[in-house]
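These notes concern the structure reproduced below.
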Amino acid sequence: MLNLWNDAEAEAMVASYAAKGVNRDLALRTYTTRLLGGEPRLVLHGGGNTSVKTKMSDLVGDSWDVLCVKGSGWDMGIIEPAGLPAVKLAPLLKARKLDKLTDEDMVALQRANLIDPAAPNPSVEALLHAFIPHKFVDHTHSTAILAIADQAESERMSREIFGPKMGFVPYIMPGFDLAKLAAEVFDQDPSVDGLILDKHGIFTFGDTAKQAYDRMIHYVSVAEDYVAQNGRNPFFAIALPAALAAPEDIAPMLRGAIAFAKGEGAFERFVSEFRTSRDILAFVNAAEVEDMARRGVSTPDLSIRIKTGPMVLPAPDAGQLDGYRAVIDERVAKFVADYTEYFRVNDARDEVARTMLDPMPRLTLVPGLGMFGHGRTLKDAKIAADVGETWIMAARDAESIGRFEPVSKPDLFDLEYWSLEQAKLAGAKPKPLTGQVAVVTGGAGAIGAATAKAFAAQGAHVVVLDLDGDKAGLVAKAIGNGAIGCACDVTDPGSVRAAFDVTVKTFGGVDIVVSNAGAAWEGPIATLDEGLLRKSFELNFFSHQSVAQNAVRIMKQQGTGGVLLFNASKQAVNPGANFGAYGLPKAATLFLSRQYALEHGKDGIRVNAVNADRIRSGLLNDEMIAARSSSRGLSVKDYMSGNLLGLEVTAEDVAQAFVHQALARSTTADVTTVDGGNIAAAMR
């Protein structure tokens with residue numbers, strides 16, 4: 001592993017933080033923490049921790065010996081000094097004399113001694129950092145180290161590979177007991193450079209930030225070299241179908257199978273992140289992959305991300321996809337049954353009251369294709385996929401030099417259902433549309449952009465489709481939450497299919513579609529050019545049919561229902577003079593929505609429409625507003641607020657109507673009027 005320490009960069013960071021009142025110790029601690037956190041073979045997504053012992057003053061100017069240790073929720077790769085909260089050191093050291101300390105009391109002790117009461121909770125391994133007397137202490141979950149730590153004879157191998165300069169700590173769950181045991185191992189030989197923690201990872205320490213970091217890189221490199229020199233290919237490749245299905249062919253089936261019912265047709269859904277590479281394929285194509293998956297995760301903290309390990313599917317044959325959903329359902333049912341039994345058996349070991357987490361897999365391996373990470377958000381799905389890649393590396397390397405034997409299931413359970421982790425999960429409150437994927441056509445226009453923003457605010461991951469792909473991308477960037485923009489000509493069925501394929505490739509499926517794209521043309525109906533009328537029908541009717549067909553195709557594959565929403569316009573029920581080119585196809589679109597509601601209610605697909613009027617947009621621009629108000633002998637203000645409420649209706653009002661329809665789980669075939677009150681356009 002490459003040593004990234006750079007004297008000039010380190011001193012530049014010291015100088016930069018000195019100007020902000022940060023001392024040299026903490027600045028250097030921040031520097032090497034980022035070096036470690038930026039290497040995924042060492043640290044992933046909040047894992048690992050570092051510390052430095054230094055002096056700091058409290059609010060009244062008293063100076064204290066403190067431990068600055070990584071705080072909960074901070075990512076080492078981008079950490080700031082604030083992410084290393086200072087804890088008074090003496091009370092932590094005094095705690096070593098205790099025989100017992102509950103996890104809750106340990107957290108209370110650490111919080112009670114924070115220099116800054118508003119700082120984040122110190123790492124659960126803060127006591128271990130405190131009990132090691134060295135100034136700088138580093139901890140990572142190196143995949144190369146885990147290849148050695150995840151062995152039946154891990155202690156023997158560790159001593160052979162690293163020699164006497166690394167201590168060995170038998171597996172014990174993080175917290176007070178691990179801190180005491182690690183300190184006892186250190187005390188037996190204070191000359192060691194670090195500690196190998198069985199089934200867990202590695203600690204290194206030193207008198208300087210550079211020394212602790214150098215030792216981490218050195219011993220990880222020793223492990224990497226050992227695997228490279230002694231490893232063998234432990235796997236045999238299976239025979240694959242002659243024609244493999246594509247990831248997007250099975251992603252909606254898989255996504256639907258792992259959604260879990262909440263009752264009355266409601267589902268908790270996940271988004272998916274697909275990954276493939278030469279290393280991933282070499283692993284998932286192995287005959288031994290199911291056995292490896294059953295053995296568990298490479299380090300216990302991964303259970304928070306991928307539970308007890310991955311689910312494995314058979315390779316999908318492109319010619320036999322009709323029956324593949326049933327195969328997925330069988331594998332999911334088996335995973336759920338195994339997880340439920342795992343919970344039952346281990347929960348019965350004591351009297352602690354626990355609630356079982358959802359039993360769905362967070363990582364799925366598919367021979368011939370790669371793997372899918374699953375999460376309630378795209379971020380979580382990407383994390384699961386990242387973790388999956390590091391798990392594959394650690395498991396493969398461990399098997400190549402011996403036998404991959406990670407932490408036992410009872411020990412894994414203790415960490416997955418650890419009270420401190422449970423508290424973190426309990427604090428996470430999903431938004432109403434978390435886990436759902438929404439597609440909005442005409443997404444760069446006023447109504448489309450407002451609708452995309454409104455759905456993202458409710459937790460949905462949004463795909464913004466527009467004829468102008470650059471503008472769609474800008475809207476997606478502005479609304480955040482992992483939204484993507486995509487160019488799409490809704491009048492071209494091939495373009496629509498391609499856009500939905502992108503949606504499936506990115507998120508795994510689709511749950512909500514707002515078919516909004518449209519444009520208006522004027523002219524008296526008796527003399528209207530036929531070509532113009534047909535052009536309007538292509539955009540304002542047939543494009544809605546094309547979008548709906550693709551949405552229903554994917555929703556039926558998922559089997560978890562869905563929502564189709566159409567922008568129908570008040571012209572569908574209250575035609576305006578010289579507006580037939582627009583009103584006629586919109587009337588057809590309104591009835592299209594009812595036809596879909598009629599035919600696909602049995603599939604759990606809800607279909608509704610919004611009738612809006614006089615919304616400033618690309619369709620109703622300033623020029624058209626002036627023309628329409630003039631034709632009626634009204635001022636622009638009176639024209640735009642010419643309704644019962646005397647209010648101008650905005651694109652945001654329309655967007656909220658779409659969100660309401662998406663959330664109204666018992667409503668279908670509805671037409672919601674958003675026009676401030678226009679009796680002539682009122683439905684029945």
Side-chain angles (χ1 to χ4, degrees), residues 1-59 61 63-89 114-116 118-123 125-126 129-130 132-145 193-194 201-222 224 386:
M1 179 167 286
L2 187 63
N3 189 312
L4 300 177
W5 177 279
N6 182 291
D7 287 334
E9 291 178 357
E11 291 303 322
M13 184 167 287
V14 169
S16 173
Y17 281 123
K20 301 175 183 177
V22 176
N23 71 25
R24 181 179 183 84
D25 288 342
L26 186 52
L28 288 172
R29 176 71 287 172
T30 303
Y31 174 66
T32 52
T33 301
R34 289 185 188 176
L35 294 184
L36 295 170
E39 173 50 72
R41 291 173 295 172
L42 296 176
V43 173
L44 270 183
H45 300 294
N49 37 72
T50 61
S51 70
V52 62
K53 298 173 182 72
T54 187
K55 287 186 177 292
M56 284 194 178
S57 297
D58 61 19
L59 292 174
S63 180
W64 299 88
D65 290 325
V66 298
L67 176 79
C68 292
V69 63
K70 196 198 87 167
S72 177
W74 278 85
D75 187 321
M76 286 172 59
I78 56 173
I79 202 163
E80 294 286 345
L84 292 150
V87 192
K88 296 172 185 176
L89 186 56
L114 285 168
I115 293 295
D116 178 2
N121 281 341
S123 165
E125 287 168 328
H129 285 263
I132 299 297
H134 286 271
K135 187 176 183 69
F136 289 87
V137 180
D138 296 346
H139 171 46
T140 75
H141 301 146
S142 157
T143 55
I145 295 294
D193 296 336
I202 177 174
F203 274 80
T204 58
F205 21 81
D207 297 328
T208 67
K210 185 176 189 303
Q211 185 179 51
Y213 173 77
D214 286 347
R215 287 173 173 174
M216 178 66 70
I217 301 304
H218 169 71
Y219 287 106
V220 169
S221 297
V222 169
E224 289 177 334
D386 288 344

Under-4.0 Å salt bridge between R29 and D138: yes

K55 bridged to D65 by N-O distance under 4.0 Å: yes

Strictly distance-based, threshold 3.5 Å: is any side-chain N or O of [X] a donor or acceptor partner for the main-chain N or O of [Y]?
X	Y	value
K135	K53	yes
S16	A12	no
H139	T204	no
T30	E80	no
K88	I115	no

Closest approach of [X] and [Y], non-hydrogen atoms and distance?
X	Y	value
R34	G77	CG-O, 3.8 Å
A119	P85	CB-CB, 3.7 Å
A126	P122	CB-CB, 4.2 Å
S123	N49	OG-ND2, 3.4 Å
A86	C68	CB-SG, 3.8 Å
N23	L26	OD1-N, 2.8 Å

Find the distance between [atom1] ([X]) and [atom2] ([Y]) and round it off to the nearest 0.5 Å.
X	Y	atom1	atom2	answer
H134	R215	NE2	CZ	6.0 Å
H218	D214	NE2	CG	10.5 Å
I79	L84	CD1	CG	4.0 Å
E11	N6	CD	CG	10.5 Å
I217	L4	CD1	CG	6.5 Å
L59	D116	CG	CG	7.0 Å

Side chain to side chain contact (heavy atoms under 4.5 Å, CB included) assessment of K210 paired with T32: CA-CA 8 Å; K210 185 176 189 303; T32 52; 6.0 Å; no

Side chain to side chain contact (heavy atoms under 4.5 Å, CB included) evaluation trace for T50 with M76: CA-CA 8 Å; T50 61; M76 286 172 59; 3.6 Å; yes

Sub-4.5 Å side-chain heavy-atom contact between P81 and K20: no

Side-chain heavy atoms of L114 within contact of V87, under 4.5 Å: yes

Ring pair (Phe, Tyr, Trp, His ring centres under 6.0 Å) partner of Y31, chosen from Y17, F136, W5, Y213: W5

Aromatic ring proximity, centroids under 6.0 angstrom, F203 and H129: yes

ring-ring contact (aromatic ring centres under 6.0 Å, His included) against W64, all qualifying residues, sequence neighbours excluded: none

Option from V52, D25, T54, L89 for which side chain to side chain contact (heavy atoms under 4.5 Å, CB included) with V66 holds: T54

Working for side chain to side chain contact (heavy atoms under 4.5 Å, CB included), residues S142 and M1: CA-CA 11 Å; S142 157; M1 179 167 286; 5.9 Å; no

side-chain hydrogen bond (donor to acceptor under 3.5 Å, both in side chains) partners of N121, counting only residues at least two apart: R111

